[in-house]
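Proteins come first, then strands; the chains are lettered A, B, ... in the order of their sequence lines, and each starts at number 1.
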Protein chains: 2
Amino acid sequence: MPVPWAAVALTRTAVVDTALEILRESGLPGMSMRTLAGRLHVQPSALYWHVPSKQALLTAVAERILATMGAVGAAETAGAELRVVATALRTAVTAYPDGAEIVALGLAAGAENPVADVVAETCRRHGLEGRASGWTTALTAFVLGLSLEQQTHHNLSVADPSTPPGSFDARFEEGLDALLAGPASA
Amino acid sequence: MPVPWAAVALTRTAVVDTALEILRESGLPGMSMRTLAGRLHVQPSALYWHVPSKQALLTAVAERILATMGAVGAAETAGAELRVVATALRTAVTAYPDGAEIVALGLAAGAENPVADVVAETCRRHGLEGRASGWTTALTAFVLGLSLEQQTHHNLSVADPSTPPGSFDARFEEGLDALLAGPASA
DNA sequence: ACCTGAACACCGTTCAAGT
DNA sequence: ACCTGAACACCGTTCAAGT
């Protein structure tokens with residue numbers, strides 16, 4: 001008969017699920033292989049049967065976070081569409097504590113970037129084919145760079161409440177405005 | 001009389017100097033308070049007299065890295081000047097292993113961003129006053145985001161040589177081209 | 001096939017005690 | 001004032017042994 005503290009079978013999927021759960025509650029520092037194992041009522045070493053390393057686990061977590069980036073529709077101008085893409089990525093990575101750091105690691109590890117397809121489609125539709133990879137890189141790096149600073153700043157504020165606040169939403173809009181206007185226009 | 005293995009007095013400056021030295025040789029994972037203390041021929045706990053925490057030490061290291069960003073001169077167009085600023089920041093942060101991560105942490109901790117002054121001057125000279133903070137955020141986040149991915153990718157390649165290479169210099173130029181052209185032009 | 005138990009080789013930080 | 005020595009509370013990972 002099933003016992004209450006053995007709620008789920010220990011599979012790779014369950015491990016990643018629980019990792020995301022802990023990430024949401026405690027952030028990346030709270031997500032150790034030991035706390036993860038404890039939540040699953042298993043020894044830390046048991047995790048290594050389902051996942052080769054913490055690195056690989058984090059890449060899987062990154063892919064899950066990126067998968068929450070919903071489809072984005074067409075808009076009047078290329079700039080408007082690129083703005084929507086950037087905002088969607090930012091929403092996805094900031095939905096979890098330390099999401100930017102994990103996604104940055106995941107992309108470096110070779111995770112597929114969902115921004116690429118959307119930007120390619122936008123560029124095709126607006127006669128900017130040659131710039132698809134350039135805009136993918138520009139928007140992804142911008143969003144991850146700023147979100148990383150924001151989430152790091154948040155973590156520091158928690159550790160030291162005397163830290164002055166930062167207005168990252170406003171800076172995101174300002175930065176995006178500049179970037180989508182180009183340096184030719186005031 | 002001075003003994004050869006006590007080369008320098010243990011000051012905050014010497015601690016930061018040695019931290020940068022180890023960073024250059026072994027990257028961030030190699031820069032533990034223990035290895036740092038060992039290099040200085042002192043107990044790990046001794047460092048805490050000169051530096052309140054590793055966090056603070058890393059912020060000081062970030063400020064040193066940012067201080068290597070040389071002055072950038074005027075150019076014909078605003079776009080050309082912004083390109084030079086972005087390239088200068090990239091050169092500075094990629095000069096050390098894990099420099100992007102450390103600088104991102106430093107900026108989040110409140111370190112002064114040298115890009116701000118240069119961009120403000122550029123915007124003033126080219127009639128873009130309202131966009132100074134926007135361009136500062138855009139360029140800084142873009143450069144740090146891409147450099148972070150590059151250096152993380154490099155670390156993963158060292159750990160696992162089967163990792164496919166990435167052409168980050170080319171992606172930097174492409175991204176910058178797109179960003180400085182704006183989505184209106186092909 | 002899948003997990004336990006114990007160990008290895010590390011971390012950052014604190015703090016009484018020395019000088 | 002400045003440093004040692006020892007400890008505290010952690011890490012990720014490995015591996016023989018169990019079932």
Roughly how far, to the nearest 0.5 Å, is the [atom2] atom of [Y] from the [atom1] atom of [X]?
X      : Y      : atom1 : atom2 : value
A:E149 : A:H154 : CD    : NE2   : 14.5 Å
A:L144 : A:E101 : CG    : CD    : 11.5 Å
B:M31  : B:I102 : CE    : CD1   : 6.0 Å

Along DNA chain D (nearest heavy atom to each residue), the more 5'-positioned of A:M31 and B:V42: B:V42
Whichever of A:A46 and A:R34 has its nearest DNA chain D nucleotide further upstream toward 5': A:R34
Span that lies between the P atom of D:dA9 and that of C:dC10, in whole angstrom: 22 Å
Pairwise C1' distance for C:dC8 and D:dC11, with rounding to whole Å: 12 Å
Sidechain N-carboxylate O distance under 4.0 Å for B:E174, B:R171: no
Closest non-hydrogen atom pair between B:L179 and A:A138, with its separation: CD1-CB, 3.9 Å
For DNA chain C, stems built from three or more consecutive Watson-Crick or G-U wobble pairs below 3.5 Å: C:4-8 with D:12-16, C:12-16 with D:4-8
Sugar-phosphate, base or nothing in reach of B:S45, heavy atoms under 4.0 Å: base
Name of the residue among B:H50, B:E63, B:R64, B:E21 meeting side-chain contact (heavy atoms from CB on, under 4.5 Å) with B:V16: B:R64
For chain A, the stretch of DNA chain D it reaches, first to last nucleotide, under 4.0 Å of its heavy atoms: D:dC11 to D:dC15
Between B:T136 and B:N113, a side-chain donor and acceptor under 3.5 Å: no
A:D117: salt bridge (Lys or Arg N to Asp or Glu O under 4.0 Å) partners, not counting sequence neighbours: none
